[in-house]
Trainee: 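Here it is, the structure, as structure tokens.
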Number of protein chains: 2
Amino acid sequence: MKLNEGIEWAIHCLSVLAYLPEGKALPAKKLAGFFDLPEHYLAKHLQSLSQAKLVKSIKGPGGGYRLSRPAPDITVLDIVQAIDGKTPHFQCTEIRRRGPSGVPDECYQKPCGIARTMWRAEKAWRDELARVSLQDILQIGAEETPQLQIEKSLDWFGQVIQ
Amino acid sequence: MKLNEGIEWAIHCLSVLAYLPEGKALPAKKLAGFFDLPEHYLAKHLQSLSQAKLVKSIKGPGGGYRLSRPAPDITVLDIVQAIDGKTPHFQCTEIRRRGPSGVPDECYQKPCGIARTMWRAEKAWRDELARVSLQDILQIGAEETPQLQIEKSLDWFGQVIQ
DNA sequence: TTATATATGGATATGTTATATCCGTATTAT
DNA sequence: ATAATACGGATATAACATATCCATATATAA
């Protein structure tokens, strides 16, 4: 199993949007340029983020995307679920009901214990992701991003935002 | 993202193998019949379980599979990783290094903070799965399986094991 | 010794999802 | 009006999951 690559893109992109000056927006094309990502496909993911209300989209010249709420109020889980959906990764196909030993559906009162076990682990995963905010991600970046990259990013911002 | 359906099959199949009398083995064909699963594809998964040393395979007539160690010593994580591998679900493609603000590789000292966050969540998931043994799964089954299904299963066992 | 039942590994086919692009339309700033 | 942008639908391609088949090795039993 592999997680959607768009998750990585989305978290990085939201991190960039977090540094936008008040009242500004960044179009998909510019964001794609910043990370050298395929523009149209990134646009799809940005639409998902928009539908999940993590970003606000603004049409027309000068438009683009900006965060719809402050970075401390966006969790990594929010971002992951916006891109990847909320469907559990483990899907119980109820094989316990199949074959010669299966019994009619109404005999089963609870979800299968195996499914419950898998879902409990997924909850632990989600809880861990919900514990980290976009602000936390920014903080880590501020501490660990190479100085040269910070300077280059500031340059880029200066040129892109008028 | 969806988890491999073989995980569900594998946990159920190992649960059945746990009830095998000492010295007996159950061939793939019989296991597939018990759950009405595609025989050849299940065989592939059983091979994975065999390579992971969760089951012992015995060739020839009267052969098949049996657990290679007692149910309390097999965790659900063991089973999941046997089927799905140990590669992390989140794969960092280092997009931080790309685009106009990227800097040379040697400037990055640690893995990206975003990847570390995702991996920490995966660890929470694995820890939760490692906490549950096959014995625990059997226990849940013993408590929750409908009585009629238990009887049918015993019938089936009686016919299949000579 | 022969026939049979089993696992194994490789090759291949098919189906589903992820990745990527393109286009027409709606919206909005200038 | 024009240009820049987001949006949704359609489509193409690539990767991966699902499924089958076959040839081979191995072990049992007659």
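Everything numeric in this text was worked out from a predicted model, so none of it was measured.
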Trainee: Check whether any side-chain nitrogen or oxygen of B:Gln51 sits under 4.0 Å from OP1 or OP2 of C:dG9, and answer yes or no.
Mentor: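 Result: yes.
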
Trainee: Between atom NZ in B:Lys24 and atom C1' in D:dT28, what is the gap in whole Å?
Mentor: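 The answer, rounded to whole Å, is 13 Å.
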
Trainee: If each of A:Gly62 and B:Ala43 is mapped to the nucleotide of DNA chain C with the nearest heavy atom, which maps nearer the 5' terminus, i.e. the 5' end?
Mentor: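 Its nearest nucleotide being more 5', the pick is B:Ala43.
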
Trainee: Which one, D:dA6, C:dG9, C:dA20, comes nearest to the side chain of A:Tyr41?
Mentor: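 Among D:dA6, C:dG9, C:dA20, the one nearest the side chain of A:Tyr41 is C:dA20.
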
Trainee: If you pin B:Gly60 and A:Leu46 to their nearest nucleotides in DNA chain D, which one's is more 5'?
Mentor: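 On the 5' side of the pair lies A:Leu46.
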
Trainee: More 5' along DNA chain C: B:Lys29 or A:His45, using each one's nearest nucleotide?
Mentor: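 Per heavy-atom nearest nucleotide, the more 5' residue is B:Lys29.
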
Trainee: Report the nucleotide, chosen from D:dG8, C:dT19, C:dT8, that has the shortest atom-to-atom distance to any side-chain atom of A:Asn4.
Mentor: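 The answer is C:dT19, which lies nearest to the side chain.
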
Trainee: Select one nucleotide: of C:dG9, C:dT8, D:dG9, the one nearest the side-chain heavy atoms of A:Lys44.
Mentor: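 Out of C:dG9, C:dT8, D:dG9, the nucleotide with an atom closest to A:Lys44's side chain is D:dG9.
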
Trainee: Between B:Lys2 and A:Pro61, which has a closest nucleotide on DNA chain D that is more 5'?
Mentor: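 Counting from the 5' end, the first nearest nucleotide belongs to A:Pro61.
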
Trainee: Charged N to carboxylate O below 4.0 Å: is that the case for B:Arg116 and A:Glu144?
Mentor: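 A salt bridge links B:Arg116 with A:Glu144.
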
Trainee: Of all the choices, D:dT5, C:dT19, C:dT21, which nucleotide is nearest to the side chain of A:Pro38 once you look at every atom?
Mentor: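 Side chain of A:Pro38 sits closest to C:dT21.
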
Trainee: Is A:Asp127 salt-bridged to A:Lys123, cutoff N-O under 4.0 Å?
Mentor: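 Here A:Asp127 pairs with A:Lys123 in a salt bridge, since their nearest N and O are under 4.0 Å apart.
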
Trainee: In whole angstroms, how far is the C1' atom of C:dG24 from the NZ atom of A:Lys59?
Mentor: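 Taking NZ of A:Lys59 and C1' of C:dG24, I get 13 Å after rounding.
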
Trainee: Does the ring centre of A:Trp9 sit less than 6.0 Å away from the ring centre of A:Phe35?
Mentor: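 No - the distance between ring centres of A:Phe35 and A:Trp9 does not fall below the 6.0 Å cut-off.
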
Trainee: Please classify the nucleic acid contact of A:Ile58 as base, sugar-phosphate, or nothing, using heavy-atom distances under 4.0 Å.
Mentor: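 Sugar-phosphate, no base atom in range.
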
Trainee: Can you measure A:His40 atom NE2 to D:dT5 atom P for me and round it to whole angstrom units?
Mentor: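 Interatomic distance, NE2 of A:His40 to P of D:dT5: 13 Å.
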
Trainee: Take A:Arg120 and A:Glu122 through the salt bridge (Lys or Arg N to Asp or Glu O under 4.0 Å) test and state the conclusion after the steps.
Mentor: CA-CA 5 Å; A:Arg120 194 176 331 116; A:Glu122 289 191 39; over 6 Å; no

Trainee: Among D:dT5, D:dC7, D:dT20, which nucleotide has an atom closest to any side-chain atom of A:Gln47?
Mentor: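 Closest of the options to the side chain of A:Gln47: D:dC7.
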
